[in-house]
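Just below is one structure, and these are the notes that go with it.
Computed from a predicted structure; not experimentally measured. Side chains are part of it too, since the values below use all heavy atoms of this structure and drop only hydrogens, waters and symmetry mates.
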Amino acid sequence: MTTILFEDETPAVKRLTRILQECDPTIEILTVLDSIEQGVRYLKENAHPDFILMDIHLSDGNSLSIFKEIEVHCPVIFTTAYDEYALEAFKVNSVDYLLKPVKTEDLQRAIHKLKLVHFKPNALGLQNLIEQTIKPYKDRFVVKLGNKLIPIEIPQIAYFFSRDKISFICDRDGKSYPIDHSLDKIEEMLDPQVFFRINRQILAARDAIVDIQMGNKAKALLTLTPATSIEASVSSERSSLFKKWLKQEF
């Protein structure tokens, strides 16, 4: 397979080149482009590759603007340090949307999906891609603290909570990080087998629940780890749904 790298940072180019070779040594990188201007010109003047590996932030702007200037005839695997462009990316030629720093296993999964659907077309492969595109559950969140961007993997998260109209992540070590999404939006991003909306203020992972006490009128009071100062109670109206969720198998 042939590919083009859209990337304006030399260390990232070296890393992606190495990971691509680990994923599939037969992949040939035709060229590396670092700007929207270069990309539009190249794609107008040359045959398109089998797929493109594209960073969303290039030296002269947002690479998604390329799709407004030219019709791209191949699938694209997007990479970025931010997660707010996922929906826009899936509206174009996106096969997958990988957060930086890109992990080998994430790129392997994306290339497997690419081969399954685009090079071995079948109804099952197409259905798998549709399902993953429609409901791409998050595998990590990126939070901003000052000038730092901190990736937090889903298994590191014990629960999400809301306080004073601000949402937070609480990790397994009890550290809290503000996040720019409402709990309603976060709930849509997560695998419902793993996380449950305890109440309006808490969205908890299954294995963060260490104790359940049944109160009056079937209300359930949960003990979470790490401990939370917010009451982790499930209302009697949602108690039945909560019990079914606890009993389901992965």
Side-chain angles (χ1 to χ4, degrees), residues 9 11-12 15 19 56-57 79-86 96-110 132 135-215 219-235 238-239 241-243 245-250:
E9 298 179 354
R15 176 180 174 82
I19 294 177
I56 287 183
H57 290 277
T79 66
T80 181
Y82 306 90
D83 61 1
E84 64 263 34
Y85 301 102
D96 214 332
Y97 184 94
L98 309 180
L99 290 176
K100 289 183 171 181
V102 175
K103 296 182 178 180
T104 301
E105 57 267 29
D106 290 341
L107 188 53
Q108 283 177 331
R109 185 182 66 248
Q132 293 181 55
K135 199 66 174 180
Y137 297 129
K138 298 283 289 185
D139 57 9
R140 61 177 155 169
F141 286 86
V142 177
V143 297
K144 187 174 182 181
L145 284 182
N147 294 324
K148 292 183 178 180
L149 291 173
I150 303 176
I152 304 177
E153 305 291 332
I154 291 297
Q156 293 177 269
I157 299 173
Y159 52 84
F160 301 82
F161 67 95
S162 176
R163 179 182 289 132
D164 299 326
K165 298 183 179 180
I166 300 174
S167 298
F168 297 86
I169 289 173
C170 181
D171 68 13
R172 304 288 176 175
D173 296 323
K175 297 178 182 178
S176 297
Y177 305 88
I179 183 171
D180 293 331
H181 297 294
S182 67
L183 287 192
D184 289 342
K185 183 62 177 178
I186 294 170
E187 186 176 10
E188 294 176 2
M189 300 175 180
L190 299 171
D191 186 341
Q193 287 191 319
V194 179
F195 287 86
F196 187 85
R197 185 69 175 272
I198 303 301
N199 52 41
R200 292 178 62 84
Q201 290 184 276
I202 299 178
L203 176 61
R206 179 191 297 268
D207 56 4
I209 301 170
V210 295
D211 185 65
I212 304 170
Q213 296 182 18
M214 300 307 299
K219 179 180 177 180
L221 182 61
L222 312 182
T223 300
L224 303 179
T225 183
T228 173
S229 59
I230 301 172
E231 183 179 282
S233 59
V234 182
S235 68
R238 289 177 56 79
S239 180
L241 183 63
F242 175 65
K243 291 176 182 177
W245 175 76
L246 281 178
K247 293 177 181 178
Q248 70 183 349
E249 297 182 358
F250 289 89

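Contact of the I157 side chain with the K138 side chain is not registered, since no non-hydrogen atoms from C-beta on lie closer than 4.5 Å. Contact of the E231 side chain with the L221 side chain is registered, since non-hydrogen atoms from C-beta on lie closer than 4.5 Å. Using a 4.5 Å cut-off on side-chain heavy atoms (C-beta onward), S167 and K185 make no contact. Using a 4.5 Å heavy-atom cutoff, the side chains of F141 and I154 are in contact. Using a 4.5 Å heavy-atom threshold, the side chains of F196 and R238 count as touching. Looking only at side-chain heavy atoms (C-beta outward), R15 and K100 stay at 4.5 Å or farther from each other. Contact annotation: the side chain of D106 approaches that of D139 to within less than 4.5 Å [non-hydrogen atoms, C-beta and beyond]. With contacts defined as side-chain heavy-atom distances shorter than 4.5 Å, the pair L246/I212 qualifies.
Closest heavy-atom contact between C170 and G174: SG-CA, 4.0 Å. Here the shortest heavy-atom pairing between S162 and I230 reads O-CD1, 3.7 Å. In terms of heavy-atom proximity, A158 sits nearest to T225 at CB-O, 3.7 Å. The shortest non-hydrogen separation linking V143 to P178 is CG1-O, 3.7 Å. The nearest pair of heavy atoms linking Q156 to P151 is OE1-O, 4.4 Å. The nearest pair of heavy atoms linking Y137 to P192 is OH-CD, 3.5 Å.
Not one N or O on the side chain of D164 forms a donor-acceptor pair closer than 3.5 Å with the backbone of I166. Under the 3.5 Å distance criterion, the side-chain polar atoms of Y159 are matched with a main-chain donor or acceptor of P226.
Within 6.0 Å of atom CZ in R163, 12 or fewer heavy atoms from other residues, nucleotides or ligands are found, so the atom counts as exposed in its surroundings.
Under a 4.0 Å N-O distance rule, the pair D207/R172 qualifies as a salt bridge.
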Problem set entry | Full working for side chain to side chain contact (heavy atoms under 4.5 Å, CB included) between L99 and T80 | CA-CA 5 Å; L99 290 176; T80 181; 4.1 Å; yes
For this session: Apply side chain to side chain contact (heavy atoms under 4.5 Å, CB included) to M214 and K243, showing your working.
Result: CA-CA 11 Å; M214 300 307 299; K243 291 176 182 177; 4.0 Å; yes
For this session: Could you walk me through whether I202 and L224 pass side chain to side chain contact (heavy atoms under 4.5 Å, CB included), step by step?
Result: CA-CA 10 Å; I202 299 178; L224 303 179; 4.0 Å; yes
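F168 CZ to I186 CD1: the interatomic distance, rounded to the nearest 0.5 Å, is 11.0 Å. With rounding to the nearest 0.5 angstrom, the CG atom of L107 is 6.5 Å from the CD1 atom of I19. With rounding to the nearest 0.5 Å, the separation of CD1 in I152 from CG in D171 is 6.5 Å. Rounding to the nearest 0.5 Å gives a distance of 5.5 Å between CD1 of I209 and CG of L222. S235 OG to F242 CZ: the interatomic distance, rounded to the nearest 0.5 Å, is 11.0 Å. Expressed to the nearest 0.5 Å, how far CZ of F161 lies from CD1 of I169 amounts to 10.0 Å.
Within the 6.0 Å centre-distance limit, the rings of F195 and F160 are counted as a close aromatic pair.
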